[in-house]
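Please read the structure below before turning to the comments.
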Amino acid sequence: MENRVYDMEKGQFAFLYKLPPKLILLLSTIVWLAAGLLIGAVAKSLLGLPVNIEGMAAFISLVMGYCGSVIYLIRRK
């Protein structure tokens, strides 16, 4: 397996390395909260599942948004 070195100055998401960590946590949580609201609405309307949309959105934003950002920040260092 080859060892890839990613340059912080180049690449599609190079601007993320310049953002402060608290802003990354906040933005990621907001994005995943919106995604959770959409996923909950789709699950309720199209699939007919008995879902609490706000609860699903809060769970997804907590797990994917916050925890994913923490993992990203740990790997960034």
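Counting from 1, the numbers follow the sequence of the chain as shown.
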- Sidechain-backbone polar pair: Ser28 side chain, Ile24 backbone, donor-acceptor under 3.5 Å: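 The answer is no, because no donor-acceptor pair under 3.5 Å joins these two groups.
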
Any chain of hydrophobic side-chain contacts (each under 4.5 Å) joining [X] to [Y]?
X	Y	value
Leu23	Leu25	yes
Leu33	Met56	no
Ile71	Leu27	no
Leu38	Ile60	no
Val51	Leu47	yes

- Message: If I take atom OG from residue Ser69 and atom CH2 from residue Trp32, how far apart are they, to the nearest 0.5 angstrom?
- Response: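 Nearest 0.5 Å value for the OG-CH2 distance: 10.0 Å.
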
- Query: What distance do Lys44 atom NZ and Ile39 atom CD1 have between them, rounded to the nearest 0.5 Å?
  - Reply: 15.5 Å

- Message: Suppose clustering is done on Ile, Leu, Val, Met, Phe, Trp and Tyr with side-chain heavy atoms closer than 4.5 Å. Which residues sit in the same group as Ile53?
- Response: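 Besides Ile53, the cluster holds Leu37.
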
